[in-house]
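Below is one structure, written out as structure tokens, with a few remarks after it.
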2 protein chains.
Amino acid sequence: MTADKETAILDAMLDLVAERGFHGTPVSQVAKRSGVSAGIIYHYFDSKDALIHELYRRIKMDYGRALLAGDPLSLPWPDNLTCVWLNAFRFYVEHPRETLYLEQYENSPYYDPAHFTNLDENMGQLAAMIQTEFAAGTVQELPFPVLYELTLGVALGLAKRQIAGVVVMDASELEHVAEACCRAIAK
Amino acid sequence: MTADKETAILDAMLDLVAERGFHGTPVSQVAKRSGVSAGIIYHYFDSKDALIHELYRRIKMDYGRALLAGDPLSLPWPDNLTCVWLNAFRFYVEHPRETLYLEQYENSPYYDPAHFTNLDENMGQLAAMIQTEFAAGTVQELPFPVLYELTLGVALGLAKRQIAGVVVMDASELEHVAEACCRAIAK
DNA sequence: ATGCCTCGATTGAACGTTCATTCGAAATGG
DNA sequence: CCATTTCGAATGAACGTTCAATCGAGGCAT
């Protein structure tokens, strides 16, 4: 019952930050919601900032893993990208707290883009997939961030709208948009 | 030398928030950078939060105005949307502080989406433009937020990458992406 | 088994700092 | 001379962090 406490702290942090932001979640509240004392948090994490960074790291890894669900790498173009696109959208809407956390983090001074060049294992596989499509002549050879914004960036934006309750995308609309994104970067 | 002070405060706030975030910009620092005393800020604004909201409101209005530069409403499809798209991108990259501020604000608990239904004058004209294209059968009749994410949302995402220094879009690439966005929502 | 010892886990009150905000007084200007 | 603007020290609350004290499971000697 020792590793449990660490995740309880992270989960409480996620809850509170998604709801009230970094500024609005004092360590004392994290302690209260996770059912531990304030002091013990500093046994598991060096500081509040370290806790914030660690939570980001874990969510980002889960996200990378989720993108590869259904083995899109084995599918032909454009089914591979459609699969990844739908995976991204599904992750976002099924994990609204995580999505809000990621967005707050990446738009805050906590986020250091230089530190982001550490493409993890899963992201690396995605980059390789794109390289293959470059070679096959199916995808325009645009910079990676451009391709990202034209595809997964749209999934993120739409998911945020759905989380906010502004729209509700049904399955056929999703297919439609995913295909539009594929077309936008196809050669 | 009295109305100047209000904008000096807002400008200092913009500087600091873009650089260190809401959490990292105490009122005392805003006072120092704007060259006024801490107390006087409360003569012009009810609270720090009120200052934050007011700055958002002004930036959002400037943004809406910038979108209509070059009178895109008088252009035929798809030149009208291309013009708006490029206007958005240009506003973002030429106003990096404002862009970072908008993003932080809209991803924070300060942002109330319900309060966002107040489409201001300029946004209203854009909505009307889209309605016209619906009638003309040139644009798919998707929900407004979906159309937004497929077009201006991409401009925002790309501009953020350029502000972060990850990519530099040249004029022809921009034209290319803007056209791809138009195609994505064309019928 | 029993009592003892040890050590990491855990507590929550206390600490020092920082923050947003207030306020009485001084300056300004019409 | 009044109203408005400006100052900056004072205030009190809230925060992140620390720390001395307590707990409790498990090894060890008897």
Side-chain angles (χ1 to χ4, degrees), chain A residues 1-59 100-101 104-105 107-112, chain B residues 1-59 97 100-101 104-105 107-112 115:
Chain A
M1 217 233 276
T2 169
D4 241 11
K5 216 155 264 190
E6 189 177 341
T7 61
I9 293 167
L10 288 163
D11 197 62
M13 186 75 176
L14 176 57
D15 257 8
L16 291 165
V17 170
E19 192 178 318
R20 323 184 205 207
F22 292 115
H23 185 198
T25 74
V27 173
S28 60
Q29 290 287 323
V30 175
K32 186 172 292 183
R33 180 161 312 200
S34 56
V36 304
S37 74
I40 196 60
I41 290 177
Y42 290 85
H43 178 74
Y44 290 101
F45 305 95
D46 285 345
S47 64
K48 184 188 182 183
D49 280 9
L51 167 53
I52 288 170
H53 289 305
E54 173 62 14
L55 181 51
Y56 174 77
R57 202 187 59 79
R58 297 197 185 195
I59 295 174
L100 296 176
Y101 189 94
Q104 289 199 46
Y105 183 95
N107 288 291
S108 80
Y110 287 120
Y111 182 56
D112 178 9
Chain B
M1 213 230 278
T2 168
D4 244 10
K5 220 155 260 191
E6 189 176 344
T7 61
I9 293 166
L10 288 163
D11 197 61
M13 186 76 174
L14 176 57
D15 257 6
L16 290 165
V17 170
E19 193 178 319
R20 324 184 205 209
F22 292 115
H23 186 195
T25 73
V27 173
S28 60
Q29 290 286 323
V30 176
K32 186 172 293 182
R33 178 159 313 199
S34 56
V36 303
S37 75
I40 196 59
I41 291 178
Y42 291 85
H43 177 73
Y44 290 100
F45 304 95
D46 286 344
S47 64
K48 185 188 182 184
D49 279 10
L51 167 53
I52 288 170
H53 290 304
E54 173 63 13
L55 180 52
Y56 174 76
R57 202 186 58 80
R58 296 196 185 196
I59 294 174
R97 296 181 308 158
L100 296 176
Y101 188 94
Q104 289 200 46
Y105 183 94
N107 287 292
S108 81
Y110 287 119
Y111 182 56
D112 178 9
H115 199 278

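Numbers restart at 1 for each chain; the letters A, B, ... are given by sequence-line order, proteins then strands.
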Report, as a single string ordered 5' to 3', how protein heavy atoms within less than 4.0 Å touch nucleotides 15-23 of chain C: B base, S sugar-phosphate only, - not at all. ----SSBB-
note: B:Glu6, atom CD; D:dT4, atom P; distance rounded to Å ~ 17 Å
Only counting residues at least two apart or in another chain, list the ones meeting ring-ring contact (aromatic ring centres under 6.0 Å, His included) with B:His43. none
Find the distance between CD1 (B:Ile9) and NZ (B:Lys5) and round it off to the nearest 0.5 Å. 8.0 Å
Side chain to side chain donor-acceptor pair (under 3.5 Å) contacts in which one or both residues fall within residues 8-20 of chain B, not counting sequence neighbours: B:Asp11-B:Arg97, B:Asp15-B:Arg33, B:Asp15-B:Arg97
Under 4.0 Å from OP1 or OP2 of D:dT6: is there any side-chain N or O of B:His43 that close? no
Taking side-chain hydrogen bond (donor to acceptor under 3.5 Å, both in side chains) as the test, write out the residues that go with A:Tyr42, two or more places apart. none
Name all residues meeting the side-chain contact (heavy atoms from CB on, under 4.5 Å) criterion together with B:Ser47; count only those two or more places apart in sequence or in a different chain, and write none if there are none. B:Asp49, B:Ala50
Is the distance from OP1 or OP2 of D:dT5 to the nearest side-chain N or O of B:Lys5 less than 4.0 Å? no
Looking at residues at least two apart in the chain, or sitting in another chain, which of them share a side-chain contact (heavy atoms from CB on, under 4.5 Å) with B:Val17? B:Met13, B:Phe22, B:Thr25, B:Tyr101, B:Gln104
Return the value, rounded to whole Å, for the distance between atom CD1 of A:Ile41 and atom C1' of C:dG12. 12 Å
